[in-house]
Amino acid sequence: MRSAPTPGVRRILPALALGFACSAQAGPSDPMAWLQRATQASRQASYEGVYVHTNGDRISTVRVTHITGQGEEHERIEPLDGPDSLEIVRRNDEMFCRFPDAKTVRLDPRVTNRFFPSIVAASAETISASYNVKLGKTERVLGYECQWIRLDPKDGMRFPQRLCSEMNSGLILRAKVLNGERQVIEQYSFTDLKLGPQASRTDLKSIFRARSRQWLSDGSPRDEAANAETGWSVTRAPAGFSKVAELKRTLPGRAQPVSQIVLTDGLASMSVFVEPNPSPSRTAEASSEDGTTTFFVRPMGDQLVTVLGEVPVATAQQVARSVSRR
């Protein structure tokens, strides 16, 4: 017969049992497995919440509802700041941008995947080709346990990134982008969140649709976003960046269509615009940075090349200076 444990041992046993249970649920220790899980969760999990986005001096608050089922994604995004109302409703890769003040619905496919928390648009293997993937500390966010994933670039062509992945679902609850001095220059963070069955499908419904029956449909963004031969190419894209779209589109204030080439490494994206140069005599280059947003302009004779992206200035310069006719 076994003797009964002493009172001191009885007090320790529940803690040991809890510790065993916690260790069993702590998740994989493989950074690649964590990254892959975080990538899949943003598309496969159902959630609704409010997050705050800071980039440079800009701060915005956004409400998002994402519901999955029967092989489809449904998402509603509503910016809560700013003077103008706007709503984005997405079904898989087709977006409907609703502008209630103008009573207009714009149809636009999603060229890049940069709506938080779905900010990783490639597989873990693709990301690891350009970033060293490591695990950081764990943290408690809104009552959820969260594992930080460190993504440090293998070159100076992109920014370091940090992703905090919820232990059970893998969903990214916080994300940070750092500069070369390891200062945070962009950040996403949920301030309110419901996961799984707590997310309500009713919140997918447009809050503007019932206000007016006379909505105008603008399909030009969708038509323009279809891949088109522009006649231009980027000959020295940084390693890891690949072209995901090439199109011609009409931009406000432009008399002629503008050629656009979109490049991404699965995390960072940049767009290359080529258009007629309004001042052919201009030869000086110009650049600016605000948070992760870089703007670089290069006159090229009778053409003007502009790179807009989430990359360091040196990356934008390399790309702009390598644009040539195909």
Side-chain angles (χ1 to χ4, degrees), residues 31 34-35 37-39 41-42 47 49-64 77 79-82 112-122 124 127-128 130-167 169-193 238 240-241 263-271 287-296 307-317:
W34 272 101
L35 179 59
R37 213 162 64 102
T39 301
S42 62
Y47 52 87
V50 175
Y51 66 83
V52 173
H53 175 214
T54 60
N55 190 0
D57 294 330
R58 301 183 302 278
I59 302 176
S60 59
T61 309
V62 179
R63 178 182 289 115
V64 58
I77 301 169
L80 301 179
D81 302 326
T112 55
N113 196 7
R114 290 298 293 176
F115 290 106
F116 181 80
S118 182
I119 56 176
V120 184
I127 298 298
S128 66
S130 303
Y131 299 82
N132 292 313
V133 184
K134 299 179 181 178
L135 294 182
K137 64 180 182 179
T138 59
E139 185 175 333
R140 190 167 173 82
V141 178
L142 297 176
Y144 299 98
E145 292 297 325
C146 192
Q147 170 68 59
W148 281 100
I149 305 171
R150 301 167 54 92
L151 302 173
D152 292 309
K154 295 181 178 181
D155 55 30
M157 297 288 102
R158 60 212 92 214
F159 294 118
Q161 306 215 21
R162 303 289 184 263
L163 311 175
C164 201
S165 174
E166 198 268 325
M167 289 283 192
S169 67
L171 188 70
I172 298 173
L173 305 187
R174 285 181 178 169
K176 299 177 182 180
V177 182
L178 314 178
N179 61 13
E181 289 72 43
R182 292 299 191 268
Q183 298 169 325
V184 177
I185 55 177
E186 183 179 28
Q187 184 168 228
Y188 295 90
S189 183
F190 272 113
T191 58
D192 179 68
L193 178 65
F241 280 91
L263 306 172
T264 182
D265 66 356
L267 271 176
S269 300
M270 54 181 154
S271 284
S287 64
S288 66
E289 287 181 287
D290 184 12
T292 59
T293 304
T294 295
F295 185 79
F296 181 77
V307 175
L308 178 66
E310 307 152 327
V311 293
V313 169
T315 306
Q317 290 173 338

- Output yes when a side-chain donor or acceptor of Q147 lies under 3.5 Å from a complementary backbone atom of G136, and no otherwise.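 Looks like yes, one N/O pair under 3.5 Å.
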- Query: Any chance CG of D192 has more than 12 other-residue heavy atoms, nucleotides or ligands included, within less than 6.0 Å?
  - Reply: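 More than 12 within 6.0 Å, yes.
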- May I ask you to say whether K176 pairs ionically with E186, meaning some side-chain N is under 4.0 Å from a carboxylate O?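 Answer for the salt bridge query: no.
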Side chain to side chain, [X] and [Y], heavy atoms closer than 4.5 Å:
X: S130; Y: R158; value: yes
X: V141; Y: L193; value: no
X: D290; Y: N55; value: no
X: N132; Y: L151; value: no
X: V177; Y: E310; value: no
X: V120; Y: L267; value: yes

- Message: Please determine whether side-chain contact (heavy atoms from CB on, under 4.5 Å) holds for the pair K134 and W148, giving the CA-CA distance in whole Å, both sets of side-chain angles, and the decisive distance to 0.1 Å.
- Response: CA-CA 9 Å; K134 299 179 181 178; W148 281 100; over 6 Å; no
Can you give me the closest heavy-atom contact between [X] and [Y], atom names plus distance?
X: P117; Y: S42; result: O-CB, 3.8 Å
X: G156; Y: P312; result: O-CG, 3.8 Å
X: Y131; Y: K154; result: O-CE, 3.7 Å
X: A122; Y: G266; result: CB-CA, 3.6 Å
X: T315; Y: P238; result: CG2-CG, 3.6 Å
X: I119; Y: L163; result: CD1-CD2, 3.8 Å

If you round to the nearest 0.5 Å, how far is [atom2] of [Y] from [atom1] of [X]?
X: Y51; Y: Q187; atom1: OH; atom2: CD; answer: 13.5 Å
X: I149; Y: C164; atom1: CD1; atom2: SG; answer: 8.5 Å
X: I172; Y: Y188; atom1: CD1; atom2: OH; answer: 10.5 Å
X: I127; Y: D265; atom1: CD1; atom2: CG; answer: 6.0 Å
X: L142; Y: S189; atom1: CG; atom2: OG; answer: 7.0 Å
X: F159; Y: N179; atom1: CZ; atom2: CG; answer: 7.0 Å

- Tell me, please, which residues at least two apart from Y47 pass ring pair (Phe, Tyr, Trp, His ring centres under 6.0 Å).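 Testing Y47 for ring pair (Phe, Tyr, Trp, His ring centres under 6.0 Å), a comparison that skips the adjacent residues, returns H66.
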- Sequence neighbours excluded, the answer for side-chain hydrogen bond (donor to acceptor under 3.5 Å, both in side chains) partners of S169 is E166
- Under the side-chain hydrogen bond (donor to acceptor under 3.5 Å, both in side chains) rule, collect the residues that match up with T61, sequence neighbours excluded.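 Partners of T61 by the side-chain hydrogen bond (donor to acceptor under 3.5 Å, both in side chains) criterion, ordered by chain and then number, come out as D81.
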- Under the side-chain contact (heavy atoms from CB on, under 4.5 Å) test, which residues partner I77, sequence neighbours left out?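 Only V62, V64, E75, I88, F115 meet the side-chain contact (heavy atoms from CB on, under 4.5 Å) criterion with I77.
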- Message: I'd like to check the side-chain contact (heavy atoms from CB on, under 4.5 Å) partners of D152; sequence neighbours left out, ordered by chain and number.
- Response: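 For D152 the side-chain contact (heavy atoms from CB on, under 4.5 Å) partners, ignoring immediate neighbours, are R150, P160, R162, R182.
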- Query: Listed by chain and number, what are the salt bridge (charged side-chain N to carboxylate O under 4.0 Å, His left out) partners of E289, not counting sequence neighbours?
  - Reply: none
- Message: One pair to check against side-chain contact (heavy atoms from CB on, under 4.5 Å): T294 and M270. What are the steps and the verdict?
- Response: CA-CA 9 Å; T294 295; M270 54 181 154; over 6 Å; no
